[in-house]
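Below is one structure, written out as structure tokens; comments come after it.
A, B, ... follow the sequence lines: proteins, then strands. Residue 1 opens every chain. The figures here come from the full heavy-atom set of this structure, side chains too, leaving out hydrogens, waters and symmetry mates.
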Amino acid sequence: MSQLTKPPVVMVTETDTDGAGGVRGWVRELALGLRFAVTGGRRGWIRTALTAFGVGLGVAMLLVASSIPQMLENRDGRGDARQIAKYDSEKASDRSFLYFPNNTDYHDITVTGMLLQAEGKGDIAAPPGLTELPKPGEMAVSPALAELLSSPEGALLKDRLPYKITATIGDTGLTGPNELAYYAGTSALTEASAGGRSEGFGGGPRFSEPLNGILLLIVLIAFIALLLPVAVFISSAVRFGGEQRDRRLAALRLVGADRSMANRIAAGESLCGALLGLLVGGGLFTLARHWASEVTVWDISAFPSDLSPAPALIALVAVAVPAAAIVVTLFTLRSVSIEPLGVVRNSTPRTRKVWWRVLMPVLGLVLLLTQTGSISMGGTSINSLLIGAGALMVLVGITVLLPWLVEAVVKRLDGGPVAWQLATRRLQLSSGTAARAISGIVVAAAGAIALQTLFSSVEGNFIKPTGADTEQAHLHVSSQVRDGAEARAKLGQYADSRGVAGLVGIVESTANQTGPKPAGEEEFLFTALTVGDCASLRQLAKLPSCEDGDVFTVDKVDKYDQYTYYPRAGQKLSLGGNRNHGDAGEQLAWQIPADAKRVKALIDPSGERTGGVLATPSAVDLAKLSKPWATAMIKLDFKTPNAMEHARNAVAELAPPPQPTTVREIELNEVNAKFAGIRTGLLIGATATMALIAVSLLVTTLEQLRDRKRLLAVLMAFGARRSTLCWSVLWQTAVPIGLGLALATVGGMLLGQVLLLMVGTIATDWLVFLPIIGVGAGLILLITLLSLPPLWRMMRPDGLRSE
Amino acid sequence: MGHTLLGLLESGPRHGYDLKRAFDEKFGHDRPVHYGQIYATMSRLLKSGLVAIDGVESGGGGPERKRYAITEAGISDVGQWLGRPEKPQPYLQSTLYTKVVLALVTGRSAAGLLDTQRAEHLRMMRILTDRKRGGDFADQLICDHALFHMEADLRWLELTAARLDRLAKEVGA
Amino acid sequence: MSAYPGSLLWAQDLRKVYGPTPALDGASFSVRAGEVVAVMGPSGSGKSTLLHCLAGIISPDSGSIGYGGQDLATMSDARRSALRRSEFGFVFQFGQLVPELTCTENVALPLRLAGVGRKEAQRAALEWMARLEVAEVGDKRPGEVSGGQGQRVAVARALVTSPRVIFADEPTGALDSLNGERVMQLLTDASRETDAAVVLVTHEARVAAYSDREIVVRDGKVRDMAGTV
């Protein structure tokens with residue numbers, strides 16, 4: 001069949017005289033390991049692929065995280081570039097244009113809009129992303145807006161933007177690919193009605209408010225809390241398939257590799273996984289970049305080119321990850337001795353010493369305590385190095401405390417049903433593995449709990465209840481009108497619009513004192529005159545009685561009140577507009593009736609309080625009011641679908657630009673935008689981290705199951721119920737995670753509390769950990785669910801057939 | 001047999017009947033040896049000088065009883081015998097082989113023949129195993145010896161059964 | 001419905017196909033209470049598949065398996081599992097003891113799976129371990145005992161539920177002959193004592209010699225040697 005060939009003669013001589021520890025030995029064995037990783041048969045290959053994928057996920061996360069600063073920078077840059085360069089005082093010129101910002105909200109998304117009107121015939125600068133200003137009646141839209149307008153979902157918005165689409169805004173003119181924005185050309189603007197006049201875009205000095213100390217602290221802790229689990233994940237990914245690898249190494253020992261050679265070969269294998277992981281991570285990151293433009297989170301989307309991490313950070317990742325892989329591998333192999341005839345796990349493992357495990361988090365806490373009271377809303381700098389180190393020590397401390405805790409607890413577990421017994425016995429035998437597998441989730445949970453504690457207690461600084469009554473009103477619309485008559489007409493039109501159930505309508509105007517400026521004042525004193533029927537006024541103040549013709553006075557309502565003057569009954573007001581702006585004066589004087597009552601202001605449905613003078617329509621001649629604001633607090637009829645959008649459309653139609661109009665949705669809370677952004681980012685990050693950890697847990701669980709395939713088959717032969725085995729898998733995951741989450745709760749709350757001491761408060765809400773625990777519990781369930789189908793398959797008796 | 005008797009004499013001189021009893025006890029198992037056989041063997045050993053007459057007792061009325069003792073030559077002969085390996089018997093199953101070939105050549109069922117033989121072997125092995133379970137230590141060892149032999153035979157039977165096709169070709173059946 | 005009067009467990013015309021090749025191709029079998037039947041045959045002949053079918057671990061593609069007036073071939077998985085828990089015992093070649101449980105806990109496992117209380121199961125386990133001369137390793141884990149001891153623990157585990165049928169798949173395959181014979185002796189002694197049937201898959205004639213009767217599986221078909229004598 002085959003011809004016999006003489007085997008080649010190989011002389012084996014010991015040439016490696018510089019010993020096993022020599023540099024050449026290192027290089028040679030690392031290389032050998034690298035080769036084994038890719039050529040080590042199907043199993044070795046799967047292991048390498050798993051590690052590469054795991055490390056890749058982690059690396060991709062790191063890359064995304066490290067490109068966030070650049071991304072925000074780019075966004076802000078483009079945002080700045082399209083800011084109108086302000087030359088308000090400029091006269092009309094060949095190059096000037098008038099503008100009128102006309103943003104609108106559509107459902108929960110803001111559509112950034114700008115009306116432009118060329119004044120000169122010359123070369124007028126176009127906004128970024130456009131080559132020329134849109135002509136009157138035409139508009140240029142962002143691709144996302146174009147798509148929305150051409151879809152059925154955008155039908156109502158289309159009614160609100162009655163312009164013909166003639167151009168598309170290029171990427172340079174958008175903060176993100178999914179931004180909704182338009183520039184519309186108009187001829188309706190006048191110098192008086194326009195928002196201003198300009199000759200170009202961008203270039204204005206950038207005003208960027210720095211984050212205050214508390215937000216900085218939150219961002220710092222968030223980065224640590226989110227990236228530490230990623231690091232833990234990477235280190236556990238390096239261990240994927242470790243038991244199979246050990247068996248393979250034992251075979252190498254049999255043919256003559258010594259212990260340190262075996263260790264280095266193992267290190268080489270991990271290195272291969274890590275290097276491939278870097279490639280995979282790069283690939284995933286590239287995919288994520290493309291995918292990024294498809295996704296909008298809380299109004300923010302990013303161009304692929306925005307996601308580009310700093311080269312230094314890339315280099316750091318590229319060096320740190322493979323180095324970590326080698327270190328972790330060598331560290332793991334410490335407790336395993338790979339003998340030629342098999343792997344011996346140190347059956348009596350070193351009793352875990354508790355002192356240094358406790359010392360670490362305690363030291364971290366002490367470090368943090370030195371910063372007590374150092375951070376305030378006002379400050380903008382924090383000792384980030386010290387705080388970062390402290391927080392890191394606490395969180396890492398939790399992970400090193402975990403194996404000890406798990407071991408100490410499972411040692412004492414006994415009794416219970418078979419499933420429980422199987423699970424606890426397994427945990428007793430390998431509590432370290434179990435603890436390692438979940439350390440990622442524990443760190444993530446501890447960090448999240450600390451952040452939540454911090455968040456919930458400082459939230460008050462960033463989120464203020466508006467006092468609004470969203471049962472009574474949903475939309476606050478205010479537009480400046482020519483006179484009182486138009487105001488009244490407008491309010492009536494609003495009330496009749498589609499989707500509107502009712503409204504509180506008032507006419508607001510500024511009134512001055514009569515007579516000359518008081519001594520020592522630079523301006524005429526001014527106050528507010530609000531006109532509305534009794535029903536509307538009752539929403540603004542506590543009226544003892546009211547009939548048409550009555551007038552009421554209200555004193556200063558709070559310290560932020562801008563009015564400089566609170567007239568009383570019998571005093572005279574000038575109504576022709578604000579005299580400080582050169583409006584009509586004395587001749588439009590109106591006397592507050594002598595029987596006007598002083599009343600107390602109420603919080604109106606939109607959450608505001610009104611001071612000054614309140615009058616019923618018959619008491620004051622509306623026609624005399626100059627440029628008053630017609631204000632409606634609209635209650636929507638939610639039986640009408642899209643009532644909110646219909647109402648907004650009505651406002652846009654009835655008070656078209658350039659009529660100055662504000663439309664805002666009435667909300668219960670006012671949230672600091674930066675705070676909201678950070679909270680959002682945190683949610684995204686936490687979700688991604690948790691998902692990552694779920695992946696690693698799943699891999700570990702499946703690996704354990706595969707190693708026990710035969711045993712499962714035997715147990716099935718004995719008539720074990722599938723449910724018994726499923727429960728044992730559940731317990732096996734649930735017990736350590738339960739312990740871990742308990743530890744995370746204690747550690748996280750402690751950390752959170754210590755961080756709060758820096759801010760100078762104490763925790764108020766002691767139950768913030770519940771949702772995170774809920775997520776953890778959900779994760780257990782998810783892992784178990786996902787591992788059930790493979791478990792089911794492995795429980796088939798085929799496993800009994802010998803390999 | 002001669003060597004066995006010599007070996008028995010090494011522990012001390014014995015009468016012929018003593019020898020028979022000792023032989024039966026230790027090696028007889030299935031069938032006791034005839035005294036005549038002992039007598040004949042002893043005569044042969046006497047002639048070759050491996051044993052000597054140690055004395056003769058004449059019991060009252062009974063036959064006279066010779067007492068045998070081993071000589072130096074006899075002792076060294078036993079030593080040599082024990083030191084010499086037994087010749088392995090490579091053609092133990094030659095009869096069976098002949099049967100198989102004949103079955104093939106004559107178109108009878110060789111597989112059936114092998115199966116029958118196999119069943120017979122196993123039946124025998126079962127008997128030996130049973131005896132082993134009931135017997136003392138010596139029985140166990142002896143039965144094991146037989147069992148291992150029969151197992152070897154069985155393996156040959158199995159192997160042959162698996163290669164009957166080829167054998168058939170070779171013998172031109 | 002028994003096609004084999006007086007038999008405890010029987011199978012008629014079993015067929016089972018794995019991939020392209022039939023593992024069982026019309027195999028029939030029967031065993032009486034207290035009888036030890038050796039299943040022999042070359043590797044890959046379908047011995048283990050026959051045993052797995054007889055024990056209700058897998059279902060044959062066709063054919064019927066009678067036990068106690070029921071047909072295992074058409075029984076639901078849950079009922080077959082229940083049957084295995086209460087009426088059958090198993091010994092395999094290797095890898096059958098749960099490594100993290102102690103030997104005693106391993107022996108007690110089938111009882112516990114069948115719902116027996118912890119203490120009672122433990123007591124029964126210790127009794128059987130004493131019978132099989134492994135009481136002294138009760139507190140050790142399977143990894144810490146010798147192969148022979150481990151296999152005896154496995155036999156104790158197979159016997160602890162007082163099964164009516166014991167299935168042994170190469171129970172001595174990983175043992176030397178001395179240990180192997182000891183295990184066989186203890187196994188067959190125990191089965192005789194409790195009148196349990198033993199279905200013994202082996203390729204070793206000396207192990208098969210502990211049986212009362214042997215069958216040979218060849219190419220998925222069974223030859224009952226008793227019938228050919």
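One finds the CD atom of C:Glu181 at 10.0 Å from the CZ atom of B:Arg133 (value rounded to the nearest 0.5 Å). Atom CD in C:Glu204 sits 6.5 Å away from atom CD in B:Glu151 (nearest 0.5 Å).
Heavy atoms of C:Asp189 lying under 4.5 Å from chain B belong to its backbone as well as its side chain. Both the backbone and the side chain of B:Leu147 have a heavy atom closer than 4.5 Å to some heavy atom of chain C.
Heavy atoms from other residues, nucleotides or ligands lying under 6.0 Å from CZ of B:Arg126 number more than 12. Residue C:Asp195 qualifies as enclosed at atom CG: its count of foreign heavy atoms under 6.0 Å is above 12. Counting heavy atoms of neighbouring residues, nucleotides and ligands inside a 6.0 Å radius, atom CZ of B:Arg155 does not exceed 12 of them.
Counting heavy-atom pairs closer than 4.5 Å to chain B, the top residue among C:Ser177, C:Ala205, C:Ala38, C:Ala209 is C:Ala209.
Using modelled atom types, no side-chain atom of C:Arg206 and backbone atom of B:Phe148 make a donor-acceptor pair closer than 3.5 Å.
Considering all non-hydrogen atoms of both residues, C:Met40 and B:Leu122 come closest at SD-CD1, 3.8 Å.
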